[in-house]
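What follows is a single structure, written as structure tokens, with notes after it.
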Protein chains: 2
Amino acid sequence: MVRVGLNAERLAQAGAELADEVGFEQVTVSALARRFDVKVASLYSHVRNSHDLKTRIALLALRELADRAADVLAGRAGKDALTALANVYRDYAREHPGRYAAAQFRLDPEAAAASDGARHAQMTRAVLRGYDLTEPDQTHAVRLLGSVFHGYVSLEMGGGFSHSAPDSDVTWTRTLDALDALLRNWPAPEA
Amino acid sequence: MVRVGLNAERLAQAGAELADEVGFEQVTVSALARRFDVKVASLYSHVRNSHDLKTRIALLALRELADRAADVLAGRAGKDALTALANVYRDYAREHPGRYAAAQFRLDPEAAAASDGARHAQMTRAVLRGYDLTEPDQTHAVRLLGSVFHGYVSLEMGGGFSHSAPDSDVTWTRTLDALDALLRNWPAPEA
DNA sequence: GCATTTGCCTAAAACCTTTAGGCAAATTAG
DNA sequence: CTAATTTGCCTAAAGGTTTTAGGCAAATGC
């Protein structure tokens, strides 16, 4: 009975790796126990249940994403910052599809509050400092950017844009052009 | 042994209702069997397996969504059509959260080919006829609209926009204003 | 060195998935 | 209108996941 040295953090880390390999949906307490060559029940000393495990993986992914975003935003502004932030999401999803799916996991209010969700909003807001938007338009724009980033990446990952021309990379570039143009020329509310 | 009269279509229909009640994730062959007061194994004469059941629910949701879209687009053009189409997705997600989640289910290539996915793209393209876009910009715009609709609705459903002002309804309106403005003034590629 | 805490274990119940094989109801054919 | 066939739901059973309870041994602390 050699101890493997499990703890919640290592489980979340390993769960994230497992998610990238087999998909977040397939991450299971059993599968994780197998990976550590340990009996299933042993994991329940470290995570409350399956939902708790998934929540921890989601929090890990959100933190990693926020860290990457903070990294690339340093020293950038305007369209440069917009593009960098957008690519953080897209690249992360490509490198870590399971983790990206985890980041979409519906968190209950307390987990959401303890998550890096607010950091993400804050960083999008930082990008918008490069554009001339007044509150509450800035909030609208934060939500729009979040929608486009998330929507585009998840449709692209789902294969929505494969098998049709033009290449998705081109659309991505043009989408960022379009968003930049839109933010520079944000319309007033219509009648 | 009275026969209930099961078949794949009725199972998908009941599965869709179940999804709206308990969430698409919780739709299970067992739960569906309970709902028909029938033994679990009986369902396996009608659907191949759990994945097949989910696929059928997804196809049902995609069809319903496409039908609604076709309905509202008749006789509309320009921003009126854009708004109508966008609201089809948002309203459907609110009325049928489980079905909407089902519509996001990752379909394997053959199921995708047999789905109403192409109809959706076609209808977005129809909306864009009200704007002056040349191919391939039209394709870029189709993808952008899909991203915004899907992204916004899924973030909103996930509670991303609750608990912060302004109200999500306002942002939605302003988002459609913004998209309309963007489509009327679609930018050329940047250097 | 001894006591306590901690970590992993065995055991077991509950539920979901899926396959195999059977009988009875519904349908079709003569 | 029977008889043959097909179809629909059943029982049985194996295998996997989740979760709780209780136990022993390793690590830690005094």
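By convention in this document, chain letters (A, B, ...) are assigned in the order of the sequence lines, proteins followed by strands, and residues within each chain are numbered from 1.
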Testing the 3.5 Å rule here: is there a donor-acceptor pair between the side chains of B:T134 and B:Q138? no

One thing to verify: whether A:R68 and A:E95 come together as a salt bridge, which I'm taking to mean a side-chain N less than 4.0 angstrom from a carboxylate O. yes

For the side chain of B:V40, counting heavy atoms from C-beta on, which of C:dT17, C:dA11, C:dA20 is nearest? C:dT17

Test item: side-chain donor near acceptor, B:T139 and B:R125, under 3.5 Å: yes

Between A:H46 and C:dC8, is there a contact of a side-chain N or O with OP1 or OP2 at under 4.0 Å? yes

Within less than 4.0 Å of OP1 or OP2 of D:dC10, is there a side-chain N or O belonging to B:S42? yes

Using atom types as modelled, flag every donor-acceptor pair under 3.5 Å from a side chain in residues 38-47 of chain A to any protein atom, sequence neighbours excluded.
from  : atom 1 : to    : atom 2 : distance (Å)
A:S42 : OG     : A:K39 : O      : 3.2
A:S45 : OG     : A:S42 : O      : 3.3

Relative to the ring of B:F105, is the ring of B:F24 parallel (under 30°), tilted (30 to 60°) or perpendicular (over 60°)? perpendicular

According to salt bridge (charged side-chain N to carboxylate O under 4.0 Å, His left out), who are the partners of A:R63, at least two apart in sequence or on a separate chain? A:E9

Measure from CG on A:L53 to C1' on D:dT19 and round the result to the nearest Å. 14 Å

Between C1' on C:dG7 and CG on A:L11, what's the gap in Å once rounded to a whole number? 12 Å

Nearest whole Å is fine: how far is D:dT20 P from A:N49 CG? 7 Å

Please classify the nucleic acid contact of A:L6 as base, sugar-phosphate, or nothing, using heavy-atom distances under 4.0 Å. sugar-phosphate

For A:S50, answer base if it contacts any base atom (sugar-phosphate contacts may also be present), sugar-phosphate if it contacts only those atoms, and nothing otherwise; contact means non-hydrogen atoms under 4.0 Å. sugar-phosphate

Solution key, residues 70-82 of chain A side-chain donor-acceptor pairs under 3.5 Å, sequence neighbours excluded:
from  : atom 1 : to     : atom 2 : distance (Å)
A:R76 : NE     : A:V72  : O      : 2.8
A:K79 : NZ     : A:D177 : OD1    : 2.4
A:K79 : NZ     : B:E190 : OE1    : 3.4

Tell me which residues in residues 18-39 of chain A put a heavy atom below 4.0 Å from DNA chain C, sorted by number, or none. A:V38, A:K39

Decide whether B:D132 and B:W186 meet the rule of one side-chain donor and one side-chain acceptor closer than 3.5 Å. no

Contacts of B:R90 that satisfy salt bridge (charged side-chain N to carboxylate O under 4.0 Å, His left out) - sequence neighbours left out: B:E156, B:D169

Taking C:dA11, C:dT19, D:dC9 as options, the one with an atom nearest any side-chain atom of B:Y44 is C:dT19

Where along residues 97-106 of chain A does a heavy atom come under 4.0 Å from DNA chain C, residue by residue in number order? none

Could you tell me the separation between the CG atom of B:D52 and the C1' atom of C:dT18, rounded to a whole number of Å? 13 Å

Rounded to the Å, how far apart are B:L43 CG and D:dC10 C1'? 12 Å

